[in-house]
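Report on one structure; see the data block that follows.
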Amino acid sequence: MAEVTMAQALNEALRFSLSDDDRVLILGEDVGKLGGVFRITDKLQAEFGEQRVFDTPLAESAIAGVSLGLTQAGWRPVAEMQFEAFSYPALDQVISHIAKYRFRSAGTTEVPMVIRIPCGGGIGAAEHHSESPETYYAHTSGLKVVIPSTALDAFNLLVRAIRDPDPIIFFEPKSRYWSKESGDLVPDGLPIGAARVAREGQHCTLVAWGAMVARCLEVATAAAEDGVELEVLDLRSLVPLDLDALAASVQKTGRAVVVHEAPLTVGFGAEVVARIVEDSFDYLEAPVLRVTGYDMPYPPAKVEEHYLPSVDRIFHAVDRVLSH
Amino acid sequence: MAEVTMAQALNEALRFSLSDDDRVLILGEDVGKLGGVFRITDKLQAEFGEQRVFDTPLAESAIAGVSLGLTQAGWRPVAEMQFEAFSYPALDQVISHIAKYRFRSAGTTEVPMVIRIPCGGGIGAAEHHSESPETYYAHTSGLKVVIPSTALDAFNLLVRAIRDPDPIIFFEPKSRYWSKESGDLVPDGLPIGAARVAREGQHCTLVAWGAMVARCLEVATAAAEDGVELEVLDLRSLVPLDLDALAASVQKTGRAVVVHEAPLTVGFGAEVVARIVEDSFDYLEAPVLRVTGYDMPYPPAKVEEHYLPSVDRIFHAVDRVLSH
Amino acid sequence: MPSKRDDTFRILAPDGTVDEKAKEGLDLKEEDLRQMFRFMVLARKVDLECTALQRQGELAVYPPLIGQEAAQIGSAYALGDEDFIFPSYREMGAAIVRGVDLVDYMHFHRGTWHGGVRDPVGARFAMISVPVGSQMLHAVGWAMGTKFDGKEACAITYFGDGATSQGDFHEACNFAGVFKAPVVFFCQNNHWAISVPIEKQTAAPIWKKAEAYGFPGVRVDGNDVLAVYKVTREATERARAEGIPTLIEAVTYRLGPHSTADDATRYRTKEEVDRWHELDPLERYRQFLEAEGVADQSFVLEVEAEAEDVAATVRAGIQGAPPPPVEDLFKWVYSDVPPHLARQRDEALGLLEEGEDG
Amino acid sequence: MPSKRDDTFRILAPDGTVDEKAKEGLDLKEEDLRQMFRFMVLARKVDLECTALQRQGELAVYPPLIGQEAAQIGSAYALGDEDFIFPSYREMGAAIVRGVDLVDYMHFHRGTWHGGVRDPVGARFAMISVPVGSQMLHAVGWAMGTKFDGKEACAITYFGDGATSQGDFHEACNFAGVFKAPVVFFCQNNHWAISVPIEKQTAAPIWKKAEAYGFPGVRVDGNDVLAVYKVTREATERARAEGIPTLIEAVTYRLGPHSTADDATRYRTKEEVDRWHELDPLERYRQFLEAEGVADQSFVLEVEAEAEDVAATVRAGIQGAPPPPVEDLFKWVYSDVPPHLARQRDEALGLLEEGEDG
Ligand SMILES: Cc1ncc(C[n+]2csc(CCOP(=O)(O)OP(=O)(O)O)c2C)c(N)n1
Ligand SMILES: Cc1ncc(C[n+]2csc(CCOP(=O)(O)OP(=O)(O)O)c2C)c(N)n1
Ligand SMILES: [Mg+2]
Ligand SMILES: [Mg+2]
């Protein structure tokens, strides 16, 4: 039972997949010798050669479009976008082709590819290096959108994503890259599409994904001291969304707060609220609230603590919900 | 009191703006001699010359990025994206620069530009010509996102958008281009950010924008025959969103259904539901439901009638809400 | 008119004269020469049929290829069976050479189905691609992957003069140059991007843009099917054998409107169109075949009759063709139908039933 | 080493010899020659200071320009007061020439402010742009708009070798060619895009890419400040007078890591870096100035002392500099604060107060 960071777990998941299936390829900017700016592809080129793991020119639209082409030649590309904000030049290829390709072909061809995107803030990074663009992808039908919150789950989810026959946007919460967890790296965790109850509780449900799961667990631990039992639901997969798990938890607690880093307006939290209202309205004892980033561009690193959902802000929302 | 179509009203709004302010420019693909594929810029190049109204090479990222550059030289560009799906190559410039430019400069520079985007389905068009991408833009802080539902309001909103100091995404619901309205074309309507009660009613609120407003009015007229009075709220502006108007209507009716063409998951309807829950939870007598396009790529034209919210589907939702 | 500058490769001049030196090494048997003509006539006939079908409301919209037959047939005929075509939306001629089911294909333009090609990988013909310039990257990716497997096949991607302005064109060419991808970039410069003339699209000759990527660029008379065949053949050989991409600029002309929804009189003169009608690629090639004694009147008539039959079959197949059952749409989004989508499917099907009942 | 091919323009050879023919028409007075040296030393000193500030935690991350002083100073010094600079993130040297407030500028790298430039239009220096290749389009748009006004000014945009792979680079150059925009595309080919060497970035020489857009391309020794000045000067004149854009490839080298967060030893050899240290642009220029009698030891010492002072001022100004008040962030999003944002502002400020109280 070794201790691994999420970064190591992701690196192992790629290593595992490269040896497990010789059709798997890794491409992106600086993924070769450098091993990626976060070292997620560390040593993989040395181990698997320059054809299985290769650097590309600096062009994200090409990285996405070429990956689609590779799938049509029978490969399973795992493309890395260096940072979330640099995935935007690829949005046209993702929205107009990758997400639609299977549909357009009446199911006669598949696009088994993964686009890895480090996301989120909280690491004091430069501009364009701390955003949370999950809404753009989750709203794009035809994509599956997953995001792990722990090291072991990162391993499991990435291995499953690479095996999946559909195009997957795989978000990696940067601020958790160095978070440790001990356990064995074996792809036997929950399947894509299943949420995980990270902590049980009966008074209120905190819904989160990625880095905000840990933040919610902090809140839950603190709340427990006041005898308030918060349930923390880690969505793991935004698309498909685990509607049953969401309904089950909220129907048990009757209250919910959604937490995410992305701006409020049409953040994925809005979808969570709408689903809760549709499926569990009669169980609700209070409005479902959202604690999110503000509706502004991601601010300079030195003020991000005031932008990201803090333990305080989450507490405030929980208080309002409980005292409703 | 002449009768005008929305297409004519938009053409007049551009004409008005070009003569009202000699810093206004119009650029895009085929906006010159051809007058645009929908003729929204018809005759403008002949009237104002090839420097005020000009065709560009076929490159949307450039159309957006060059427009930003033009604002820094003191111009007020009005760029046309030929169809909504062809605005995606410009998303990187829109998200990473246009939306953030003022913020990044600490408010020391402005980006007074408008990007016109024909949107929506229902016109039997080819693939990539019927989508509703408002979520991508509404989630991008720094942009204002407006969409008219009638000819006169289209004139007023476009004139105001062109005068606005901030970057504006101006959606034009294609299926309403040929809808007629009589009245005078004068920019004296509601400001950007104000919603409009398109029809009063006390039993349930239908929230919509663009082409779906007319669809909801159809439903309301039919419902009235059964003595059910539906209020129809035309949002007009998704960002900024008129929270007061939304709360006022729902707190009066106690019930709401949101209708849009875009796919369900993280469609703007989710934001509307979340806002209603946050502001008017205690007034709600039933869950707020959404009637939207399905979570799939926009389907072939010959099946779009089964994809777009139909009078039937909206009725179903209203029934569920009223009988709750 | 196609540039008369000697940087334009041509075998068959408009006036029918043959440049024997240019023709050297042309590896076409008489049967091939006839077959290419057959394909050109077929493309012309089916194209006209489709314009008619659109007028009758059988197709939603259709982008005619009339005038570009030599460019499409000559290039597609030069391909090997394993080579993969990545087209835009105007390559029905190339689809014919590839043996793509034309009724399937027309479903795209009818508005009953988005792809237009069943099992694209098997067909070696990618689905119709409307976002201008976007398909070139797929061709490069496929070509890279095919080379990784050590297979001797190349990709060819079709696009227009306007598409060269897109960032994706640049990124695709740059990747191809860096990875030595076996791909042929085939640009049909038909002088117009809807209403925008080539002079307003770019300030440099298209074929010269290859300089920016370290591989050869060639300009060819796109209305000379023999010349197009030859330069494409050579490009495919360079691609497969040495991993050298080629940018081919086939200078041709869009004799019809951009699409059946377009009114070209708004932006170009009748004189210009007439000049190009005189350069009709079919006519030029027919005269050559008859002059060379490879074909005679009766052959031409026979070919036209065959084409009529095929056009009639396409018409019969697409007329009144229904869209897919709504249920299928839900099956095509993902390899499985996830719960949220299953719910939506059930709602949709429920409504359909009611519709039938009531 | 900078390519020795004669397609590389150079005045001052690494060994100090001067190419008099190339030097012809160089319009620099002695004071200019000294001023450029002053700027180069200043850029070097402030750059080293910033790397130190980052190590001490005063800056979040910093991208050193060491080695690229001649390319940045020589080009920026060639500009007129009305010309507008559209930089990437590594152009602190150009910012110095432009007189941009360096403390403002360093707020970007400290993580206290995103723009780095107050009133960019007034400063004639656009905000720092991190998305690679994206700023070139802004330069072209500004240049087009300036030409529309009949003003005699041009834009210059800085970018790296890696940026030439981006679609935006292509679209910007193509627009510039079509609209005859007065713009200079200044590429600092420093041989690396983080860990990706130029050979893996593109298969053609960068300066040749201009061929694709119908305007001139020039390769210059980017470590020869005189040559850089001259080609840029000529490019700006062509741009303003005739609306002819130019693509300049300044061959130089990134002596430091990509940024203070980068470990360059993972992908390049010490030998390579050492070779380029021998080609240090400051050293080469200093020797020239002394040989020509334009500067002497004491001048050099004086200049270095000045630079130390400026560096110290920058340090003093940025050390411990606070981020903007949270309230301001809400004011910067739109020209007004819309209701939904006002709510969020009030929540944020409320929490801050509590924070202070409790
Ligand atoms: C990205 C994108 N922008 C705009 C359009 C709308 N559009 C369709 S075809 C076309 C012109 C294409 O011209 P060209 O590349 O020369 O091809 P041609 O139609 O002449 O064959 C345009 C602007 C599109 N389909 N995709
Ligand atoms: C669109 C985009 N993709 C990726 C990145 C991450 N990134 C920052 S700098 C850089 C390398 C740029 O190389 P080059 O253009 O040569 O400029 P240099 O850093 O050498 O000055 C990369 C990949 C980015 N900033 N923007
Ligand atoms: Mg064309
Ligand atoms: Mg570089």
Side-chain angles (χ1 to χ4, degrees), chain A residues 60-61 85-96 99-100 103-104 127-128 131 133-142 238-239 241 258 262-282 284 286-290 293-299 324, chain B residues 60-61 85-96 99-100 103-104 127-128 131 133-142 238-239 241 258 262-282 284 286-290 293-299 324:
Chain A
E60 291 76 12
S61 185
F86 309 137
S87 71
Y88 305 153
L91 278 170
D92 180 53
Q93 281 290 333
V94 170
I95 298 170
S96 288
K100 294 178 162 79
F103 182 84
R104 307 182 67 234
E127 189 185 15
H128 305 288
E131 305 181 5
E134 61 263 26
T135 280
Y136 300 133
Y137 295 96
H139 184 59
T140 304
S141 308
L238 306 184
V239 181
L241 182 59
V258 195
L264 179 72
T265 298
V266 221
F268 196 79
E271 182 62 29
V272 172
V273 175
R275 289 295 190 174
I276 290 174
V277 168
E278 281 155 20
D279 295 356
S280 310
F281 181 75
D282 295 335
L284 285 179
V288 181
L289 299 183
R290 296 177 288 173
Y294 299 118
D295 284 323
M296 62 174 59
Y298 196 89
H324 188 85
Chain B
E60 291 75 14
S61 184
F86 310 138
S87 71
Y88 305 152
L91 279 171
D92 180 52
Q93 281 290 331
V94 170
I95 298 170
S96 289
K100 296 178 161 78
F103 182 84
R104 305 182 67 233
E127 188 185 16
H128 305 289
E131 305 181 5
E134 60 265 27
T135 280
Y136 300 133
Y137 295 97
H139 184 58
T140 304
S141 307
L238 305 184
V239 182
L241 183 58
V258 195
L264 178 72
T265 297
V266 221
F268 195 78
E271 181 63 28
V272 172
V273 175
R275 290 294 190 175
I276 291 175
V277 168
E278 282 154 20
D279 295 356
S280 311
F281 181 75
D282 295 334
L284 284 179
V288 181
L289 298 183
R290 297 176 289 172
Y294 299 117
D295 285 323
M296 60 174 60
Y298 196 89
H324 188 86

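Counting heavy-atom pairs under 4.5 Å between each of B:L91, B:D295, B:I95 and chain A puts B:I95 at the top. Note on B:V273, B:V266, B:T265, B:V288: by heavy-atom pairs under 4.5 Å with chain A, the leading option is B:V266. With respect to chain B, the highest number of heavy-atom pairs below 4.5 Å among A:F86, A:Y294, A:F281 belongs to A:F281. When each of A:A286, A:A274, A:A270, A:P287 is checked for heavy-atom pairs under 4.5 Å with chain B, A:P287 comes out on top. When A:V277, A:V258, A:L289 are compared by the number of non-hydrogen pairs under 4.5 Å with chain B, A:V277 comes out ahead. Chain A forms more heavy-atom pairs under 4.5 Å with one residue of B:V239, B:D279, B:L241, B:L264 than with any other, namely B:L264. Residue with the most contacts toward chain A among B:A99, B:A90, B:S96, B:G142: B:S96 (heavy-atom pairs, distance under 4.5 Å).
Looking at A:E60, there are no atoms closer than 4.5 Å to chain B (heavy atoms on both sides), in backbone or side chain. Both the backbone and the side chain of A:H139 come within less than 4.5 Å of a heavy atom of chain B. Interface remark: B:Q93 contributes no atoms to any contact with chain A (heavy atom separation under 4.5 Å). In this structure, chain B has heavy atoms under 4.5 Å from both the backbone and the side chain of A:L284. Neither the backbone nor the side chain of A:S61 comes within less than 4.5 Å of any heavy atom of chain B. Neither the backbone nor the side chain of B:S87 comes within contact range of chain A; no heavy atom of the residue lies under 4.5 Å from a heavy atom of that chain. Using a 4.5 Å cut-off between heavy atoms, A:F268 contacts chain B through both its backbone and its side chain. Heavy atoms of A:Y298 lying under 4.5 Å from chain B belong exclusively to its backbone.
Of all heavy-atom pairs between A:A262 and A:E134, the closest is CB-OE2, 3.9 Å.
Side-chain contact between A:R275 and B:R290 is present, with at least one heavy-atom pair separated by less than 4.5 Å.
For B:E131, the side chain to side chain donor-acceptor pair (under 3.5 Å) partners at least two apart in sequence or on another chain are A:K100, B:Y88. For B:T135, there are no side chain to side chain donor-acceptor pair (under 3.5 Å) partners two or more places apart in sequence or in a different chain.
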